[in-house]
There are 2 protein chains.
Amino acid sequence: MPRHGADLALLLLSGFRTLVDAATVELAARGYDDFRPTHEFAMRAIIAGADSASAVGRRLSVSKQAAAKTIAVLVDRGYVSSGPDPADARRNRLQVTTRGFDVLREGESIFEDLRARWEEKLGAAELARLEASLVTLVGDGAVDVGAAGWVAHDPI
Amino acid sequence: MPRHGADLALLLLSGFRTLVDAATVELAARGYDDFRPTHEFAMRAIIAGADSASAVGRRLSVSKQAAAKTIAVLVDRGYVSSGPDPADARRNRLQVTTRGFDVLREGESIFEDLRARWEEKLGAAELARLEASLVTLVGDGAVDVGAAGWVAHDPI
DNA sequence: GGACAGCGACAACCTGGTTGTCTATCATGA
DNA sequence: TCATGATAGACAACCAGGTTGTCGCTGTCC
């Protein structure tokens, strides 16, 4: 067994892919096709208070241009609305639409299902242990920042 | 705690990123800058017997054009050599160069070091347990195929 | 010998990023 | 009050890595 260390990295990647691919496929089956993980990150940033393209970019550690592009497709697909900010004419105020909240809620429930399926495979205690180990290794905050930009590709 | 299931996915991603970013940075520090995980996958495919661009594409489940592009940069940077196949004039026979094997060996040792650091943090038994759990969840073969194409971005 | 398949090259395009430049707007301090 | 500086967003050019499609050459097989 050479490459033992690298295999660990691949296992982690593979786990992530398994979940995200399944979620994207399932989301498409439920009527939200062309919804990508990137979009989720952007919407969560908006909900968390980043109500302009620049702010989303900062929150996601990404250039404002990149954020603006993502937001443009989100607006185009009706997940996010954008209008002039009455208080500051430079800004375009962003808001997640009802449809936007819908897709997020669907996504959450899909991920819950996937996790439940893993619990069946592994046992609840063991899965909790795995999560705890990961938190020890990468920290709890790792869950939030900088994940966008690493999740760019199409499933299958 | 909503988003529990999604957090699991993010933990896995974060673990992968932590390892791969660190490895890429360390590799650059050792003189192999602009070497990306994608390149590693392509080189391993060549070593495994895929000695033409089309074959690499098949092995990596990627179009032959995509494989040809990657191989072009690998050849350009001296990690892979390409020459006419005396037995078949259509093909360009690929070979990993000495420098190519060097960078792979460095990469392996870096990943071993990273894994050892994680063992210190978590304990050897617990890390082995984590790996075993992941193998249970995603299967052993998951380590190999289709990982290219998910590892496209720059660290930091 | 002819039909078909595979290889590599080329071109056009997509997505998700990047940097750089520009204008409009706001905020601040002399 | 007004000049200066910072910020928002738009636009353009570019990059990496991927896609599809077309094409010509080469090899294989009937």
Side-chain angles (χ1 to χ4, degrees), chain A residues 17 20 24 33-43 45-46 50-77 80 82-94 146-156, chain B residues 13 17 20-21 24 33-43 45-46 50-77 80 82-94 146-156:
Chain A
R17 282 198 56 183
V20 168
T24 307
D33 55 338
D34 63 25
F35 191 83
R36 299 275 167 271
T38 314
H39 303 150
E40 161 134 9
F41 289 108
M43 290 173 63
I46 294 170
D51 68 339
S52 73
S54 296
V56 170
R58 279 192 297 270
R59 180 90 50 153
L60 263 38
S61 319
V62 128
S63 65
K64 61 178 177 178
Q65 290 81 352
K69 278 194 204 178
T70 302
I71 288 164
V73 337
L74 249 18
V75 169
D76 186 56
R77 293 178 192 170
V80 165
S82 154
D85 185 332
D88 185 338
R90 291 171 304 176
R91 319 187 79 199
N92 254 340
R93 205 174 35 181
L94 303 174
W150 269 88
V151 285
H153 292 272
D154 287 345
I156 315 302
Chain B
L13 174 62
R17 282 197 57 183
V20 168
D21 287 358
T24 306
D33 55 339
D34 62 25
F35 192 83
R36 298 276 165 270
T38 315
H39 303 150
E40 161 133 9
F41 289 108
M43 289 174 64
I46 295 170
D51 68 340
S52 72
S54 296
V56 170
R58 277 192 300 269
R59 180 90 50 153
L60 263 37
S61 317
V62 128
S63 64
K64 61 178 178 178
Q65 291 80 351
K69 277 194 205 179
T70 302
I71 288 164
V73 337
L74 248 18
V75 170
D76 186 57
R77 293 179 192 170
V80 165
S82 155
D85 186 332
D88 186 339
R90 292 171 304 178
R91 320 186 78 200
N92 255 340
R93 204 174 35 182
L94 302 174
W150 270 88
V151 284
H153 292 272
D154 286 345
I156 316 301

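Just so it is clear: chains get the letters A, B, ... in the order the sequence lines come, proteins before strands, and each one is counted from 1.
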Task: Inter-residue atom distance B:His39.NE2 - B:Ile71.CD1, 0.5 Å rounding - done: 11.0 Å

- [ ] Ignoring backbone atoms, establish whether B:Ser63 has a side-chain N or O less than 4.0 Å from OP1 or OP2 of D:dT19.
- [x] yes

Open item on the list: Restricting to non-hydrogen atoms, name the atom on A:Val62 and the atom on A:Ala67 that form the minimum distance, rounded to 0.1 Å.
Closed with: CG1-N, 3.8 Å

Task: Where at least one partner belongs to residues 62-77 of chain A, residue pairs that pass salt bridge (charged side-chain N to carboxylate O under 4.0 Å, His left out), sequence neighbours excluded - done: A:Asp34-A:Arg77

Open item on the list: Applying side chain to side chain contact (heavy atoms under 4.5 Å, CB included) to B:Glu40 and B:Phe35, what does each step give before you reach the verdict?
Closed with: CA-CA 8 Å; B:Glu40 161 133 9; B:Phe35 192 83; 4.1 Å; yes

Open item on the list: Is there a side-chain contact between B:Thr70 and the phosphate of D:dG18, meaning an N or O under 4.0 Å from OP1 or OP2?
Closed with: yes

TODO: Identify which nucleotide among C:dT18, D:dT19, D:dG17 has an atom closest to any side-chain atom of B:Arg36, counting heavy atoms from C-beta outward.
DONE: D:dG17

- [ ] Classify every nucleotide of nucleotides 6-15 of chain D by which part a protein heavy atom approaches to under 4.0 Å, writing B for the base, S for the sugar-phosphate alone and - for neither, in 5'-to-3' order.
- [x] BBBBBB----

Open item on the list: Without decimals, in angstroms, what is the distance between B:Glu40 CD and D:dG17 P?
Closed with: 14 Å

- [ ] Measure from CZ on B:Arg59 to P on C:dC7 and round the result to the nearest Å.
- [x] 13 Å

Task: Matching residue for B:Arg91 among B:Ser82, B:Ser52, B:Ser54 - test: side-chain hydrogen bond (donor to acceptor under 3.5 Å, both in side chains) - done: B:Ser52

TODO: Please report, rounded to the nearest Å, how far the C1' atom of C:dC7 is from the CD1 atom of B:Ile71.
DONE: 12 Å

TODO: Report the distance from atom CG of A:Leu60 to atom OG1 of A:Thr70, rounding to the nearest 0.5 Å.
DONE: 8.0 Å

